[in-house]
Novice: 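Please find one structure pasted underneath; my questions will follow.
Just so you know, these numbers come straight off a predicted model, no measurement behind them. Numbered from 1 within each chain, the chains take letters A, B, ... in sequence-line order. Only this structure's heavy atoms are used, side chains among them; waters, hydrogens and symmetry mates stay out.
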Amino acid sequence: MDLLSKYDVLGAFWVTVQLTFYSAVGALIWGTILAGMRVSPVPLMRGIGTVYVNVVRNTPLTLIIMGTSLGLYSTLGVVLTTKSDKDLLFLPSNNFWLAVLGFVAYTGTFVCESLRSGINTVPVGQAEAARALGLKFTQTLGIIVLPQAFRAVIAPLASVLIALTKNTTVASAIGVAEAAVLMSKMIEFDSQYLFLIFGIIALGFVILTLPTGLFLGAVAKKVAVKR
Amino acid sequence: MTAAAPTPPMIRMAGVDKFFGPLHVLKGINIEVPKGQVVVVLGPSGSGKSTLCRTINRLEPIDTGDIEVDGDRLPEEGKALAALRADVGMVFQQFNLFAHKTIIENVMLAPMKVRGMKEPEARKLAQQLLDRVGIANQADKYPAQLSGGQQQRVAIARALAMKPKVMLFDEPTSALDPEMVNEVLDVMTTLAKEGMTMLVVTHEMGFARKAADRVVFMADGEIVEDSTPEEFFTAPSSDRAKDFLGKILPH
Ligand SMILES: Nc1ncnc2c1ncn2[C@@H]1O[C@H](COP(=O)(O)OP(=O)(O)O)[C@@H](O)[C@H]1O
Ligand SMILES: [Mg+2]
């Protein structure tokens, strides 16, 4: 029995890893910006941040991913790849980046909310001391508050990252050839190995997520701010 | 401005009112602090001392009245306000050292980020200031590794690194164990002798007698007495001040 040589399991998981990686980096940046908006002294910024987070966080992810493909590409013609539309790889590549965009938009809200709870662990005196020294709002946030907030929420952020890794399977809805797409294909052609196939894919995800959780858990302990 | 213009006071508050919701916390405050003067503010808990202190660099915005620092009216939130705060040093009851930065980084941070000072220069300045407050050998530790008295001296050094025109102290020794109070008061007394303009909320009578030019007594959001330390401690004129002194002075 050679499911592993018949199918490109590693290749499919490599796509999963790439989806996760780019989405995680983007979500971290977008989530930080959203958190900055939600604690901003400008009411309009706070309003936009609050509405965005509450709408996007409560929308099913499948809807968001479908929305990027059907709404952004098919209807509005948004193209996120450098490949020409005559290239065979045009659609796979464009859908990959559309999926990343969807994951960033969605996961960013969870990063934002984690960070906001982290900001609440930073005593107000820290920001007051910074303002009293003449630091501007963005400096106070960027140099004093957020670095301490991040250290406080590394463990919850690890959970967000693990959820994101598993959520990337939703990209199969728009045909990004990651692990879940491969699984469907394997089941279709080798249905007698159903449980083995489930096992292989599940194991793949555990291999990806378990070390992440352990590693970030250790980092969280190491960088915790002593008060 | 003409050459004959008198120099403005370092701090001027005129008709200042401040509310927290329905609570009237500062009531028609008028006070001028000339350059180089050391003013001790005292009064019962909840009388508005901290709030008074915090309105001067607009950590608390006021509802009515005027506040000027060195002749300039307090700006609204924004760049100009940040610039003004850079010139007004503040020391808090809870020290508020940046917990994720080392001691020397705490002192170097604002000169670099606000004044644009280069790193080597900021480090040298920070070393000098830490030396001056007696913490030079702890420069690479984190705040949580220092005693309260040491942390408060670092906080003073951090404020001094901005070369402020005036220093505000809000009960700088109230959170300290008794044996650490003097090491902080000594630094403040030296600063006062060197001519720094200071507004100090404190109940330390020793410091008030030794270092203050003037004592302001607050009760219920009002300035009730404004006199010299000698006058205030020996012959307070109001009943509220007499009552207050009766409670805090040893019998
Ligand atoms: N942020 C705040 N919100 C609401 N009330 C406050 C706030 N800060 C202080 N107060 C109230 O204002 C009054 C004066 O407080 P404060 O200036 O801290 O007095 P003091 O420093 O003399 O003890 C108190 O009644 C206090 O409860
Ligand atoms: Mg107080």
Side-chain angles (χ1 to χ4, degrees), chain A residues 28 32 35-47 114-157 216 218-227, chain B residues 50 53-54 56-61 76-102 105-116 141-146 151 154-155 157-164 167-170 175:
Chain A
L28 211 55
T32 306
M37 286 169 77
R38 294 206 68 176
V39 299
S40 153
V42 185
L44 180 69
M45 289 289 224
R46 277 205 305 276
S114 293
L115 259 183
R116 232 158 49 96
S117 70
I119 290 174
N120 288 335
T121 69
V122 182
V124 285
Q126 296 282 302
E128 282 190 345
R131 287 158 68 208
L133 284 165
L135 272 73
K136 297 194 276 279
F137 171 77
T138 47
Q139 291 178 314
T140 301
L141 192 66
I143 304 170
I144 305 302
V145 179
L146 281 179
Q148 296 187 54
F150 264 113
R151 287 162 206 236
V153 296
I154 289 177
L157 283 179
L216 289 178
V219 171
K221 278 215 187 72
K222 188 151 173 28
V223 302
V225 178
K226 314 244 177 346
R227 300 201 189 277
Chain B
S50 294
C53 213
R54 293 160 57 86
I56 295 168
N57 62 0
R58 211 172 187 277
L59 282 182
E60 297 291 356
E76 297 287 302
E77 211 68 41
K79 252 206 190 101
L81 181 62
L84 178 131
R85 283 175 176 155
D87 287 337
V88 178
M90 184 155 198
V91 175
F92 302 85
Q93 187 174 348
Q94 299 297 338
F95 332 132
N96 295 346
L97 292 181
F98 303 132
H100 63 310
K101 301 270 181 197
T102 63
E105 285 168 350
N106 263 273
V107 183
M108 291 163 64
L109 189 124
M112 290 171 66
K113 301 292 177 186
V114 178
R115 302 259 194 246
K141 290 191 176 166
Y142 284 88
Q145 295 172 286
L146 268 56
Q151 288 191 55
V154 175
R158 177 175 71 176
L160 290 177
M162 295 301 283
K163 309 224 154 60
M167 290 277 287
L168 310 171
F169 295 82
D170 186 7

Novice: Is there a side-chain contact between B/Y142 and B/L97 (heavy atoms, below 4.5 Å)?
Specialist: no

Novice: For chain A, which of B/A99, B/A155, B/P164 has the most heavy-atom pairs under 4.5 Å?
Specialist: B/A99

Novice: Picking from A/K226, A/R227, A/R131, A/K136, which has the most non-hydrogen pairs under 4.5 angstrom with chain B?
Specialist: A/R131

Novice: I need the residue from B/R158, B/E77, B/Q94, B/K79 with the largest number of non-hydrogen atom pairs under 4.5 Å to chain A.
Specialist: B/R158

Novice: Specify which of A/L133, A/V225, A/V124, A/L135 makes the most heavy-atom pairs with chain B at under 4.5 Å.
Specialist: A/L133

Novice: Using non-hydrogen atoms and a 4.5 Å limit, figure out which bit of B/F98 sits close to chain A: side chain, backbone, both or neither.
Specialist: both

Novice: Is there a side-chain contact between A/F150 and A/L28 (heavy atoms, below 4.5 Å)?
Specialist: yes

Novice: So do B/M90 and B/L59 actually touch side chain to side chain, heavy atoms under 4.5 Å?
Specialist: yes

Novice: Are A/V223 and A/I154 side-chain neighbours, meaning at least one heavy-atom pair lies under 4.5 Å?
Specialist: yes

Novice: Who among B/D87, B/V91, B/L109, B/L81 has the most heavy-atom pairs with chain A under 4.5 Å?
Specialist: B/L109

Novice: Given the rule in the side chain to side chain contact (heavy atoms under 4.5 Å, CB included) test, do A/I144 and B/H100 qualify, once you have shown the distances and angles that lead to the verdict?
Specialist: CA-CA 8 Å; A/I144 305 302; B/H100 63 310; 4.2 Å; yes

Novice: Counting only heavy atoms from other residues, nucleotides and ligands, does the tally under 6.0 Å from NZ of B/K101 exceed 12?
Specialist: yes

Novice: Please rank B/G78, B/A110, B/P143 by heavy-atom pairs under 4.5 Å with chain A and give me the top one.
Specialist: B/A110

Novice: Give, as side chain, backbone, both or neither, the part of A/Q126 having an atom under 4.5 angstrom from any heavy atom of chain B.
Specialist: both

